There are 2 protein chains.
Amino acid sequence: MEKEKIDKKDHILDVAERVFAEQGYDGASTRMISGEAGVNMAMLNYYFGSKEGVFLAIFERRISAFQSTLLGISNDSGLDPWARLSQFVDKYLDKVINNNCFHIMLNREVSKSKKTELTDKITTIIMRNVHVFKDIIEDGIKTGAFNKDADRELLIATMFGTKNYIVNTPHISSAILGYDVMDTKMQEDKLKPRLKNYMKTLLKAYLMNENDNK
Amino acid sequence: MEKEKIDKKDHILDVAERVFAEQGYDGASTRMISGEAGVNMAMLNYYFGSKEGVFLAIFERRISAFQSTLLGISNDSGLDPWARLSQFVDKYLDKVINNNCFHIMLNREVSKSKKTELTDKITTIIMRNVHVFKDIIEDGIKTGAFNKDADRELLIATMFGTKNYIVNTPHISSAILGYDVMDTKMQEDKLKPRLKNYMKTLLKAYLMNENDNK
DNA sequence: CAAAATTAATCAAGCGATTGATTAATGCCG
DNA sequence: CGGCATTAATCAATCGCTTGATTAATTTTG
């Protein structure tokens, strides 16, 4: 059959990513995942070694692509700070909303207040994104383009926190916005442009207004 | 023994709240909770009926106090919009940071993308806080105090999202801020005043600046 | 003593993981 | 090419363990 023969491993990871986002890591069982993926349970261990192996494999798959996206932004050092920041917002929000299941899963696990090997690993990954953003902000402050007494660290919380609120708690944000934020078409037509525009307006208001931030 | 005889039920709920925040609902076992609370496992079911009963009892205990806090703010209709907003930020952040374990636990469960009876219940609770905030914003826009083309819905995401980012992912925010955000003393001395001040500056910049938000 | 509180022991169900057997795919050699 | 050997993929069955919950017996309390 000449039809699309998507890789079976990839298919399992797609399903697992969704189920982990739906139920959480502990709430999702290997039987659930294998059942919904239409494969025998033993295949998960055959391919990925263990349940945690499946979880980590989902990471491996997403991270590399994400890293290259980020690096593409921070390397455009020819641009002025605001253009770089603007580009970061656009590309970052695009990527995150496209991979919303992954980011729900990721942030859910890191919100355990007890440190584990896994939360440490996730923390490291997230901090890479944070540093790209922070570097742009600090560069802008240094060159005088951005307000010098802006709170850089808490602005990070606002940038990623706003995004998380929309993406990670879909029931809440859907109720607030009035449409299903998990729906792909809605994301493209409404959510993405609105969120991008809002985020840039907010950042500009805080970083580039005339008032003293005190 | 005349020593402090704090209610045993309350003690169990205190411990359970912390363990749920540390491990998540599914990750926390009844043996863990009873063990750390120093009571027999069967006592959980004796007092609260089931594991879910413990979870819900934690809610009951926190919600009523929280509601009165919120109502106290929205009823101060003599104040101008900015004063009300400012008061909301202060009181809300105080309350949330004091009960950080509860809010970690709460947001963690609602970030499951699959709807359940429990996530619906939590969504309803969270939406009450959201409406208090939204009413203040809309009132301010109506009276002309706030920028008329501000995105009210996404500003909600920023207000609660920024807070969540700091409170719910303590490993991340501690790494960014350079101190332990779970430490009570640090919260009082550094986190609370800084976050309150930042949040109000950010809101003012977005809602009350001169530039057109387009 | 009677009621409430507390305990250890036990239960069925579900968990992740492994097993050994079976089938499908691939490689190798004459 | 054709037949055998080797590897990869898949399966049902089951392992040992942990889970949340319940029991029946015991202790504490008023």
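For clarity, every value in this text was computed on a predicted model and none was experimentally measured. Each chain gets a letter, A, B and so on, in the order the sequences are listed, and its residues count up from 1.
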Looking at residues 23-39 of chain A, who's got a heavy atom less than 4.0 Å off DNA chain C? A:Ala28, A:Ser29, A:Thr30, A:Arg31
How does protein reach along nucleotides 25-30 of chain D, written 5' to 3' as B (base within reach of a heavy atom under 4.0 Å), S (only sugar-phosphate), or - (no contact)? ------
Please identify which of these residues, B:Phe102, B:Phe48, B:Phe20, meets the ring pair (Phe, Tyr, Trp, His ring centres under 6.0 Å) condition with B:Phe59. B:Phe102
At less than 4.0 Å, is any side-chain N or O atom of A:Tyr47 found next to OP1 or OP2 of D:dT10? Yes or no. yes
When rounded to whole Å, the CD to P distance for the pair B:Glu52 and D:dG20 reads 12 Å
Would you call A:Ile141 and A:Ile137 a side-chain contact if the rule is heavy atoms closer than 4.5 Å? yes
Using a cut-off of strictly less than 4.0 Å, decide whether B:Asn40 has a side-chain nitrogen or oxygen near OP1 or OP2 of C:dA8. yes
Tell me: CE of A:Met41 to P of D:dC11, nearest whole Å? 12 Å
Do you see a donor-acceptor pair shorter than 3.5 Å between the side chains of B:Tyr198 and A:Thr158? yes
Using atom names, set out every protein N or O paired with an N or O of nucleotides 19-27 of chain C below 3.5 Å, distance rounded to 0.1 Å.
none

Rounded to whole angstroms, how far apart are NZ on B:Lys9 and P on C:dT6? 11 Å
Take the protein atom NE2 of B:His11 and the nucleotide atom P of C:dT6, then report the distance between them rounded to whole Å. 12 Å
Any side-chain heavy atom of A:Val181 sitting closer than 4.5 Å to one from A:Gln187? no
With no hydrogens and no angle check, is any side-chain donor or acceptor of A:Lys200 less than 3.5 Å from a backbone partner on A:Gln87? no
May I ask you to say whether A:Asp139 pairs ionically with A:Lys134, meaning some side-chain N is under 4.0 Å from a carboxylate O? no
Decide if the gap between the ring center of B:Phe160 and the ring center of B:His103 is smaller than 6.0 angstrom. no
Any A:Lys8 side-chain nitrogen or oxygen under 4.0 Å from OP1 or OP2 of D:dT10: yes
Can you tell whether the side chains of A:Glu138 and A:Arg152 come within less than 4.0 Å, N to carboxylate O? yes
For A:Phe146 and A:Tyr206, I'd like to know if the aromatic rings sit close, meaning centre-to-centre distance below 6.0 Å. no
Atom-pair distance (CG on A:Leu44; P on D:dC11), nearest Å: 11 Å
Figure out the OH/P separation between A:Tyr46 and D:dC11, and round it to whole Å. 12 Å
Value in whole Å for how far the P atom of C:dG16 lies from CG of A:Leu56: 15 Å
So does A:Asn45 get a side-chain nitrogen or oxygen closer than 4.0 Å to the phosphate oxygens (OP1/OP2) of C:dA17? yes
Distance flag, aromatic centroids of B:Tyr165 and A:Tyr165, threshold under 6.0 Å: no
Give a yes-or-no answer on whether the side chains of B:Asn98 and B:Lys192 include a donor-acceptor pair shorter than 3.5 Å. yes
May I ask you to say whether A:Asp26 pairs ionically with A:Lys112, meaning some side-chain N is under 4.0 Å from a carboxylate O? yes
To the nearest angstrom, the CG-C1' distance between A:Asp7 and D:dA9 comes to 13 Å
